[in-house]
Participant: 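I have a structure I would like to understand better, so I am pasting it below and will then ask my questions one at a time.
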Protein chains: 2
Amino acid sequence: MPAHVFIAEDETSIISLLKYNLEKEGHKVSHSENGEDALKQIKLKHPDLILMDWMLPDLSGVDICKNLKKDKKFNDIPIIMLTAKGEEEDKVKAFETGADDYVTKPFSQKELNARIKSLLRRAKPQSSSDIVEFIDLRIDRVTKRVYRKDKEINLGPTEFKLLDFFIKNPKRVYSREQLLNNVWGENIYVESRTVDVHIRRLRQAINIENTKPLIRTVRSAGYSLES
Amino acid sequence: MPAHVFIAEDETSIISLLKYNLEKEGHKVSHSENGEDALKQIKLKHPDLILMDWMLPDLSGVDICKNLKKDKKFNDIPIIMLTAKGEEEDKVKAFETGADDYVTKPFSQKELNARIKSLLRRAKPQSSSDIVEFIDLRIDRVTKRVYRKDKEINLGPTEFKLLDFFIKNPKRVYSREQLLNNVWGENIYVESRTVDVHIRRLRQAINIENTKPLIRTVRSAGYSLES
DNA sequence: CCCCTTTTTAATCATTTGTTAACTGAGGAA
DNA sequence: TTCCTCAGTTAACAAATGATTAAAAAGGGG
């Protein structure tokens, strides 16, 4: 699983070693050499995982960790703390501040890779409820099935996500940009016309023998799910 | 969640410490001070979880672990390895031999309890019953046999665990990552494509003369067991 | 050393996706 | 009303993505 890994570390030799190895694994790597900047960049780039030195100039790893963990937007980025060998009590402190794993220098690249993999694939808790309904539409997030009038409907992944998003706030009108941000993702760029196409596909799919259309077009504003 | 914990450890001071703490948590505790005896007792008592010292007189923890993990009847008992501090490479070896978790001495009781809880939670739900059925599929957890339409099916260990996991929550779609975490274990790192291969083998195995396929592929989401 | 299982790899196959461009229709202005 | 313009709709297609499959490589145990 290629991911974006951020390294906060002041020893350049370690940075380049890590960078080399991580890129070989297919990850995208950014880094920063001081705490202040690291925090700023992390918030800007929103990486998938952070390798953080315990000791950093001007803002310690612990502080960054605390800061991130209390911010809803960033508290689910896994953090691996890097510390010098032998500081056993640091381990406890690291976990207390919210680090997800802990590696002592010097570490084997193999082990680090393993831990990274493990953290990256750790299940994200899905908070939303399992089955949602709207009018004669039912969507089951556990079995990934969608029904209209108890008849099963086949949707592609994007149409599924689109409908799933609409159904969270029925009747609310979303602009194409909002849909792109919420369904496709913040940092993915596609033409806004693409939304139209998927709206059409979704409409076709959920349009079963003389039922209501369910998706409303609001001219020059966007789309909404309603009766 | 009270359970039966077995301790294989030769230092009596550690045994009594562990025993005290585990019993305070409500667990039933047995122990043995040498490898030979430990293995015998484990097979006799079939505990819910094992705490095992890496170094034991006359039969090492690794050997016991290997022995148990290749025995269908015992390979699902979670094992936590206990090792002296600083032996980093042992960690890798421990996981390779099939240990489910790894703790270095000295350890905090709090951390150990957390890990025990986590492993028990993962392993427990299967204890509900020894024979489970789904459609025309029957799996016997005691004898480790699988039948389809009363005809016995031969599955490799991984396929067995995979099917066993699926059958706990039929119809539920699991991602490859979830399957890796739950069937292979949190600490084992294989490519997620490997899952596909085992799914295929499982499919082939349970596909007896014109019966339903039973395993559904959900593109970009995962797999599920259903009719 | 041979056999069996697991894992990786790579080729192939199938579906989904994003884009483009032509088409349609609503609504405002004359 | 009629025409014009602009936004939305539709269909077609190429590219990308994801799943399947077979076969080779890697381990592990007897």
Participant: With nearest nucleotides of DNA chain D determined for Lys66(B) and Gly222(B) from heavy-atom distances, which residue corresponds to the more 5′ nucleotide?
Facilitator: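 Here Gly222(B) is the residue nearer the 5' end.
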Participant: Take atom CH2 of Trp184(A) and atom P of dT17(D), then tell me their distance rounded to the nearest Å.
Facilitator: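 Interatomic distance, CH2 of Trp184(A) to P of dT17(D): 15 Å.
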Participant: At under 4.0 Å between heavy atoms, what does Tyr223(B) touch on the DNA or RNA strands: base, sugar-phosphate, or nothing?
Facilitator: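 Touches sugar-phosphate only.
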Participant: Please round to the nearest 0.5 Å and tell me the distance separating atom CG of Leu155(A) and atom CG of Leu162(A).
Facilitator: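 Nearest 0.5 Å value for the CG-CG distance: 9.5 Å.
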Participant: What contact category does Thr194(B) fall into here, base, sugar-phosphate, or nothing, at under 4.0 angstrom with non-hydrogen atoms?
Facilitator: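 Base: the residue Thr194(B), judged by heavy atoms under 4.0 Å, touches a nucleobase.
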Participant: What is the separation between atom CG on Leu155(B) and atom C1' on dC4(C), rounded to the nearest whole Å?
Facilitator: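 Rounded to the whole Å, the gap is 15 Å.
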Participant: Assuming nearest nucleotide by heavy-atom distance, tell me which of Val190(A) and Val197(B) is located more 5' along DNA chain C.
Facilitator: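 The 5'-side residue here is Val197(B).
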Participant: Roughly, in whole Å, what's the span from CD in Glu191(B) to C1' in dA10(C)?
Facilitator: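 Atom CD in Glu191(B) sits about 13 Å away from atom C1' in dA10(C).
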Participant: What's the CG-P distance between Asn207(B) and dT21(D), to the nearest Å?
Facilitator: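 In whole Å, dT21(D) P and Asn207(B) CG are 11 Å from each other.
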Participant: Please compare Arg201(B) and Ser220(B) by the position of their nearest nucleotide in DNA chain D and report the one closer to 5'.
Facilitator: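 In this pair, the answer is Ser220(B).
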Participant: With a 3.5 Å cut-off and just heavy-atom distances, do the side chain of Arg176(B) and the base of dG18(D) make a donor-acceptor pair?
Facilitator: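 Checked by distance alone, the answer is no.
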Participant: Provide, to the nearest angstrom, the distance between the CD atom belonging to Gln204(B) and the P atom belonging to dA22(D).
Facilitator: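 Atom CD in Gln204(B) sits about 7 Å away from atom P in dA22(D).
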Participant: Nearest-Å distance, OH (Tyr174(B)) to C1' (dA19(D))?
Facilitator: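 The distance from OH of Tyr174(B) to C1' of dA19(D) comes to 21 Å, rounded to the nearest Å.
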Participant: Whole Å only: how far is the OH atom of Tyr189(B) from the P atom of dT7(C)?
Facilitator: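 It is 14 Å, rounded to the nearest whole Å.
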Participant: What's the verdict on ring-ring contact (aromatic ring centres under 6.0 Å, His included) for Phe165(A) and Tyr174(A), showing C-alpha distance, side-chain angles and the deciding distance?
Facilitator: CA-CA 10 Å; Phe165(A) 178 67; Tyr174(A) 292 100; 4.6 Å; yes
Participant: Would you confirm whether Asp130(A), through its side chain, and Arg141(A), through its main-chain N or O, come within 3.5 Å as a donor-acceptor pair?
Facilitator: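 No; zero donor-acceptor contacts below 3.5 Å.
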Participant: Could you say whether His198(A) or Ile188(B) is positioned toward the 5' end of DNA chain C, judged by the nucleotide with the nearest heavy atom to each?
Facilitator: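 The answer here is Ile188(B).
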Participant: Tell me, yes or no, whether the heavy-atom count around Lys28(A) atom NZ, taken from other residues, nucleotides or ligands under 6.0 Å, exceeds 12.
Facilitator: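 For Lys28(A), atom NZ is not crowded (no more than 12 foreign heavy atoms under 6.0 Å).
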Participant: Please give, in whole Å, the distance from dT15(C) P to Lys144(A) NZ?
Facilitator: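 To the nearest whole Å, that distance equals 20 Å.
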Participant: Side-chain N or O of Thr217(A) less than 4.0 angstrom from OP1 or OP2 on dT9(D)?
Facilitator: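 Yes, within the criterion.
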Participant: From Asn34(B) CG over to Asp53(B) CG, what is the distance, rounded to the nearest 0.5 angstrom?
Facilitator: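 Result: 12.0 Å between the selected atoms.
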Participant: Between dA22(D), dT17(D), dT8(C), which one does the side chain of Arg219(B) approach most closely?
Facilitator: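 The listed nucleotide nearest to Arg219(B)'s side chain is dT17(D).
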Participant: Nearest to the Arg200(B) side chain among dA22(D), dT8(C), dG18(C), which nucleotide is it?
Facilitator: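 Selected nucleotide (nearest to the side chain): dA22(D).
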Participant: Of all the choices, dG18(D), dT10(D), dT6(C), which nucleotide is nearest to the side chain of Arg193(B) once you look at every atom?
Facilitator: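 Of the candidates, dG18(D) comes closest.
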